[in-house]
Structure formats: structure tokens, C-alpha cells
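Reviewing the structure listed below.
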Amino acid sequence: MSSPIDEDAPALATVAARSVGLLSDATGPEVGYPGLTGTDDVEDVLAALNRMAGDLEQTATQLTHYLEDEFAAGNLTPEPGSIDQNAPTVAAARKALTDVQENAQNLTRLLTTAETAMLALRPGN
């Protein structure tokens, strides 16, 4: 059995995207919310999405570091052996990844707020 460390990152990203699509299907009203049987399920989904948002923030951070390292090593060039590194393009990617990190933080905060609200709906609260 392989560990996630042994896996190809783009393949794992594809699996994650597909999983989110399936989750969307399982929580859709079109067929009666097939994956939800109560508010406990909503709490569980919110908690899992909250963990995912934190992992997404970390992944964006790591991708930024990778780009920085590759740029510093001279590996991000228009053509192999070219001395003209595409600094504006790398800077744009880094900026976008920083925005992803910030939006993931916001998503985490919003999901925490939703989780807290759901917990308040429990009997006895």
C-alpha cells in the first residue's frame, strides 16, 4: 500500500476534486439530499470541510514554496537553458496562491461559524 507521500500530486488533486463533486451530489436537493439524514450529518460535513479548508491553505503555501524554490534554482524558464526567467508570471502565480491561502482562511472561519450555529441547534443548548 502506498502512502500519500508516494502519490502523484496532480492525481491526488483530481481525486480531491472528484470527491467534492460527489459530496455536492450527495447534498443536493434535486434528489432529496441523499447523503443527509439529519443535522448531525450537516455538522459532520461542515467539520470535514473545515479540515479540508485548512489543508487547502497549507497546500497553497507549499505550492508557493515550490515555485519560489524552482524560480531560485533557475528552473522556471521559457525554454531549457534560457537565462530569461519569467519573473512576472511567477510573481502572478505566487500572488494568486497567496489569495488562495487568504480565501481558505476565510472559508475556515465561515465553516467554523456554521458549525457553531449547528451545534447551538442541538437539543439542550
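No hydrogens, no waters, no symmetry mates; every other heavy atom, side chains included, goes into these values. Keep in mind that this is a model prediction, so the values were computed, not measured.
- Under the side-chain contact (heavy atoms from CB on, under 4.5 Å) criterion, E102 pairs with T98, D99, not counting sequence neighbours.
- One distance of note links CG of L111 with CE of M118; it measures 12.5 Å at 0.5 Å rounding.
- In this view, T27 satisfies the side chain to side chain donor-acceptor pair (under 3.5 Å) rule with no residue, not counting sequence neighbours.
- Under the rule for a side-chain contact (heavy atoms from CB on, under 4.5 Å), the partners of Q105 that lie at least two apart in sequence or sit in another chain are E57, R109.
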>> Assess the residue pair V20 and L49 against the criterion (side-chain contact (heavy atoms from CB on, under 4.5 Å)); give the C-alpha distance rounded to whole Å, side-chain angles, the decisive distance to 0.1 Å, and a yes or no.
In response: CA-CA 9 Å; V20 172; L49 289 174; 5.7 Å; no
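- Among pairs with a residue in residues 15-30, none fulfils salt bridge (charged side-chain N to carboxylate O under 4.0 Å, His left out), at least two apart in sequence or across chains.
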Just distance, no hydrogens or angles: give the donor-acceptor pairs under 3.5 Å from side chains in residues 38-46, sequence neighbours left out.
from, atom 1, to, atom 2, distance (Å)
D41, OD2, T37, N, 2.6
D41, OD2, T37, OG1, 2.7
E43, OE1, R122, NE, 3.2
E43, OE1, R122, NH2, 2.5
E43, OE2, R122, NE, 3.3

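- Residues satisfying the salt bridge (charged side-chain N to carboxylate O under 4.0 Å, His left out) test with R51, not counting sequence neighbours, are none.
- A53 and A104 make their closest contact through O-CB, 3.6 Å (heavy atoms, listed as atom of the first residue, atom of the second, distance).
- In this structure, the side chain to side chain donor-acceptor pair (under 3.5 Å) partners of T89, at least two apart in sequence or on a different chain, are N86.
- The shortest side-chain heavy-atom distance between L56 and N103 does not fall under the 4.5 Å cut-off.
- Taking L63 as the reference, T59, L97 meet the side-chain contact (heavy atoms from CB on, under 4.5 Å) condition, with sequence neighbours excluded.
- Rounding to the nearest 0.5 angstrom, the gap separating the CG atom in N50 from the CE atom in M52 is 9.5 Å.
- Y33 meets the side-chain contact (heavy atoms from CB on, under 4.5 Å) test with P29, L36; sequence neighbours excluded.
- Here R94 contributes atom CZ and H65 contributes atom NE2; the two are 10.0 Å apart, rounded to the nearest 0.5 Å.
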